[in-house]
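A short write-up of the structure that comes next.
Being a predicted model, the structure only gives us computed values, none of them experimental. One-based numbering, in listed order, for ligands and for the atoms of each.
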Amino acid sequence: MELIGVPEGADLDLDLRLESVSEGVLVSGTVSGPVKGECGRCLREINHSVVVPVQELYAYENSTTDATTDEDEVGRMQDDLIDLEPALRDAVVLTLPTNPLCREDCPGLCPECGVHWDDLPADHSHQQIDPRWAGLSQLNRTEE
Ligand SMILES: [Zn+2]
Ligand SMILES: [Zn+2]
């Protein structure tokens, strides 16, 4: 399961400049969009938005670039059209963290009770039974 991603069908905001260069069209600018996910430490929902710089060249058909590069490396013009969406989506996805957190210093959950440390008092702890006493209480029980 993906911990974080761009929601399906989400609108990406584009602020792009298209420049005609000798080999094709250079697209540069920024793309911003919403990011939804789950904090890797506390499972709280993450609702961020990201702004990602992009610079992509879309080569003309039959240009030198077209002849010498792979389609994976450099995009291609399709006639007069550019299909920007895959590259932009990739650009956003590449900036996403592999271990998303709701915030940088998320303290996570108490491993004993699963409550967020933010919601617990600073001195929160669970009574630990000392193994020696645990043995003793067992002894008491057999005597009863
Ligand atoms: Zn968190
Ligand atoms: Zn606890």
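- For His126, the N/O/S atom at the shortest distance from the Zn ion (ligand 2) is named NE2.
- The Zn ion (ligand 1) forms the vertex of an angle spanning SG of Cys39 and SG of Cys42; to the nearest 10 degrees it equals 100°.
- Taken to the nearest 0.5 Å, the CD atom of Glu73 stands 8.5 Å off from the OG1 atom of Thr68.
- Remark: side-chain polar atoms of Glu23 are paired, donor with acceptor, to backbone N or O of Thr64 under 3.5 angstrom.
- Between Arg41 and Asp105 there is no salt bridge, since no side-chain nitrogen of the basic residue lies less than 4.0 Å from a carboxylate oxygen of the acidic one.
- Rounded to the nearest 10 degrees, the angle SG (Cys102) to the Zn ion (ligand 1) to SG (Cys106) equals 110°.
- One finds an angle of 110° at the Zn ion (ligand 2) between SG on Cys110 and SG on Cys113, to the nearest 10 degrees.
- Side-chain atoms of Ser20 and Tyr60 form a donor-acceptor pair, as typed in the model, at a separation below 3.5 Å.
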